[in-house]
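To keep things clear, I will list the structure first and then write my remarks on it.
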There are 2 protein chains.
Amino acid sequence: MAIKFVILGFLEAESLTGYDLKKRFAASETFHWSGNNNQIYTALVQLYNEGLVNKEVQDQESGPSRKVYSITPEGQTVLRHWLLTPPELPQLRHPFLAQLAWADGLTAVELDNLLSQYENEVYVKLRMAQEQAERDAQQLPRRTPREAFLWRQIGNYWVAFYQHELDWVRRLRAEVIE
Amino acid sequence: MAIKFVILGFLEAESLTGYDLKKRFAASETFHWSGNNNQIYTALVQLYNEGLVNKEVQDQESGPSRKVYSITPEGQTVLRHWLLTPPELPQLRHPFLAQLAWADGLTAVELDNLLSQYENEVYVKLRMAQEQAERDAQQLPRRTPREAFLWRQIGNYWVAFYQHELDWVRRLRAEVIE
DNA sequence: CTCCCCATGTAACACGTTACATGATTTG
DNA sequence: CAAATCATGTAACGTGTTACATGGGGAG
């Protein structure tokens, strides 16, 4: 489970609760686990059982007691080991391409409509990615300049991806009309 | 299950067996179900139960009897309906970005090594996508010129995607060294 | 003699999403 | 007064991957 390593990464910078992690995950597509309760909380239990994180329970007057997790030396070792692991290729799921593959069953107008809808959706996503990147850029100054650089590049990656997608669909739309 | 619609798409062009479909799926990332036995055979059973495909059983002297599936009029209606369905955004899983996010724990050499490995992997993938696109271009002349055009664009999409990825990592690698 | 192709299917597991469950405090 | 935030967790479901199981025929 890659999610475990990512949690260790977050915890190396600072101690966090499950809830904090949930927000971190939700904030970037890079950590695509969509702020998923289920996986985060069970991963934390497993990491704890494996001795890769410590848990500090803070009782509160109201609500469930907070559990603040921090990374252990073993956890740091495991994280470092993962960092040296051979990189995985990205996995792109593109159901719209599958739809296009059979779209010859549509009229010219229907097809243009479909492409236009897609173009709009991508445009919205691109804007969101741009705003996110700008927000991140404000918050940045991370631990080292190199780390800040890497995070900026990652943010830009998503902007570039959606920009590339937008260019692609616009070109396609223009050409299919002719 | 999107796989059902994709199967209907293949069957609209020609009648096929599960095994044939498996090969079709394996041939393109657009149909990302990786030539998956499990999902194809169960989807075919479901499509049959829903009356969207016909099944012609051909007994053979050796091996299991072939089952040739063809689309029914209801299947064609369902397929057409799916084609008009609002497009879905692509979903990109990029574990390497998560790895990079914490890569400040690595030395300059280790990081460059990691990026270099990734560059190579992407390069190989790009070449594969290019060869696939060329092979497809030969086979093409599909049912209509517009369909041939769409398939060419889909093939090019994958080439462009990996090219874009390669450019990104090369630029990153050059900049991180400075 | 081994490996690949044909051709069907099942089982187990891993991963991911959505919804359910609870309940106080703060913000609009 | 409603909604969001804080804070924990569980259950059900859907999707996707890998491995298992069988077995004949042909190519190298």
Side-chain angles (χ1 to χ4, degrees), chain A residues 1-7 10-11 15-50 53 55-69 88-95 98, chain B residues 1-7 10-11 15-50 53 55-69 88-95 98:
Chain A
M1 266 209 288
I3 192 178
K4 284 197 204 172
F5 300 112
V6 175
I7 289 175
F10 278 117
L11 294 181
S15 296
L16 295 168
T17 67
Y19 188 73
D20 294 328
L21 285 164
K22 197 176 117 174
K23 284 187 291 181
R24 300 281 193 292
F25 277 101
S28 167
E29 295 201 45
T30 305
F31 312 110
H32 66 257
W33 293 265
S34 70
N36 181 328
N37 266 2
N38 199 329
Q39 271 170 105
I40 291 170
Y41 284 107
T42 59
L44 282 169
V45 170
Q46 285 175 42
L47 286 168
Y48 181 71
N49 291 337
E50 292 162 15
V53 300
K55 175 166 57 172
E56 191 205 338
V57 180
Q58 298 177 347
D59 282 323
Q60 296 180 119
E61 314 94 57
S62 78
S65 52
R66 298 177 81 230
K67 292 173 186 172
V68 182
Y69 293 90
E88 277 175 66
L89 286 167
Q91 245 196 307
L92 181 57
R93 291 274 156 78
H94 211 322
Chain B
M1 268 209 286
I3 194 179
K4 284 198 204 172
F5 300 113
V6 175
I7 289 175
F10 278 117
L11 293 182
S15 296
L16 294 167
T17 67
Y19 187 74
D20 293 328
L21 284 164
K22 198 176 114 174
K23 283 186 292 181
R24 299 280 192 293
F25 277 100
S28 168
E29 294 201 46
T30 305
F31 312 110
H32 67 257
W33 292 264
S34 70
N36 180 328
N37 266 0
N38 198 329
Q39 272 171 104
I40 292 170
Y41 284 108
T42 59
L44 282 169
V45 169
Q46 285 175 41
L47 285 168
Y48 181 72
N49 291 337
E50 293 163 13
V53 300
K55 174 166 57 171
E56 192 205 339
V57 181
Q58 298 176 348
D59 282 323
Q60 295 179 120
E61 314 94 56
S62 79
S65 52
R66 298 177 81 230
K67 293 173 185 172
V68 182
Y69 293 91
E88 275 175 67
L89 285 167
Q91 246 197 308
L92 181 57
R93 290 275 157 78
H94 210 321

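Proteins come first, then strands; the chains are lettered A, B, ... in the order of their sequence lines, and each starts at number 1.
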Euclidean distance, atom [atom1] of residue [X] to atom [atom2] of [N] [Å, nearest integer]:
{"X": "A:I7", "N": "C:dC15", "atom1": "CD1", "atom2": "C1'", "answer": "14 Å"}
{"X": "A:F31", "N": "C:dG16", "atom1": "CZ", "atom2": "P", "answer": "14 Å"}
{"X": "A:H32", "N": "C:dG16", "atom1": "NE2", "atom2": "C1'", "answer": "8 Å"}
{"X": "B:Y41", "N": "C:dA7", "atom1": "OH", "atom2": "P", "answer": "9 Å"}

Salt bridge (charged side-chain N to carboxylate O under 4.0 Å, His left out) against B:R24, all qualifying residues, sequence neighbours excluded: B:E14

Touch class at under 4.0 angstrom, heavy-atom based, for B:S65 against every strand present: sugar-phosphate

Contact boundaries on DNA chain D for chain B, cut-off under 4.0 Å to non-hydrogen atoms: D:dT15 to D:dG24

Nucleotide nearest B:Q60 (side chain, heavy atoms from C-beta), chosen from C:dA7, C:dT8, C:dT18: C:dA7

Near-strand residues of residues 17-25 of chain A, defined as heavy-atom separation under 4.0 angstrom from DNA chain C: none

cation_pi(B:K55, B:Y48) dist<6.0 Å, angle<=45: yes

B:R93/A:Q91 under side-chain hydrogen bond (donor to acceptor under 3.5 Å, both in side chains): CA gap, chis, key distance, verdict: CA-CA 5 Å; B:R93 290 275 157 78; A:Q91 245 196 307; 5.4 Å; no

DNA chain D: 5'-proximal contact among A:P64 and A:T42 (nearest heavy atom): A:P64

